Amino acid sequence: MTEDAGLIRNEKGGPLVEESLLLGLAVVTVSIVIAVILQATGWAQDVIEGLLQLLQDSWNGITQLFGTP
């Protein structure tokens, strides 16, 4: 009976619990890194699209100024 009582009082996790927690932490960390990368590339894409639109507007202004169709 002492063995059963000792098992109930033992609050230490085994290696499987430790590995599961580390794996879960790794998944969360990788998810955060991917989210940051996607947000940064989305921001860069918005900047590039803005620059291309500015160039297009400038080119349209120049062509209208010189009257070329």
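If you're wondering where the values come from, they're calculated on a predicted model, not measured in any experiment.
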### Message
Within this structure, what is the CG-CG distance for the pair Leu16 and Leu23, rounded to the nearest 0.5 Å?
### Response
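The CG atom of Leu16 sits 10.5 Å away from the CG atom of Leu23.
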
Linking directly or through intermediates, with side-chain heavy atoms under 4.5 Å: list the remaining ILVMFWY members grouped with [X], chain and number order.
{"X": "Val17", "answer": "Leu21"}
{"X": "Leu22", "answer": "none"}
{"X": "Val33", "answer": "Ile37"}

### Partners passing side chain to side chain contact (heavy atoms under 4.5 Å, CB included) against Ile34 (at least two apart in sequence or in another chain)
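Counting only residues at least two positions away or on another chain, Ile34 forms a side chain to side chain contact (heavy atoms under 4.5 Å, CB included) with Val30, Leu38.
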
### Message
Once side-chain hydrogen bond (donor to acceptor under 3.5 Å, both in side chains) is applied, do any residues pair with Gln39, and if so which ones, sequence neighbours excluded?
### Response
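Once residues adjacent in sequence are excluded, Gln39 has no partner under the side-chain hydrogen bond (donor to acceptor under 3.5 Å, both in side chains) criterion.
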
### Task
Sequence neighbours left out, what passes side-chain hydrogen bond (donor to acceptor under 3.5 Å, both in side chains) with Asp57? Give chain and number order.
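Asp57: side-chain hydrogen bond (donor to acceptor under 3.5 Å, both in side chains) contacts with Gln53.
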
### Connected via hydrophobic side-chain network under 4.5 Å: Ile62 and Leu54
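In one cluster: no.
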
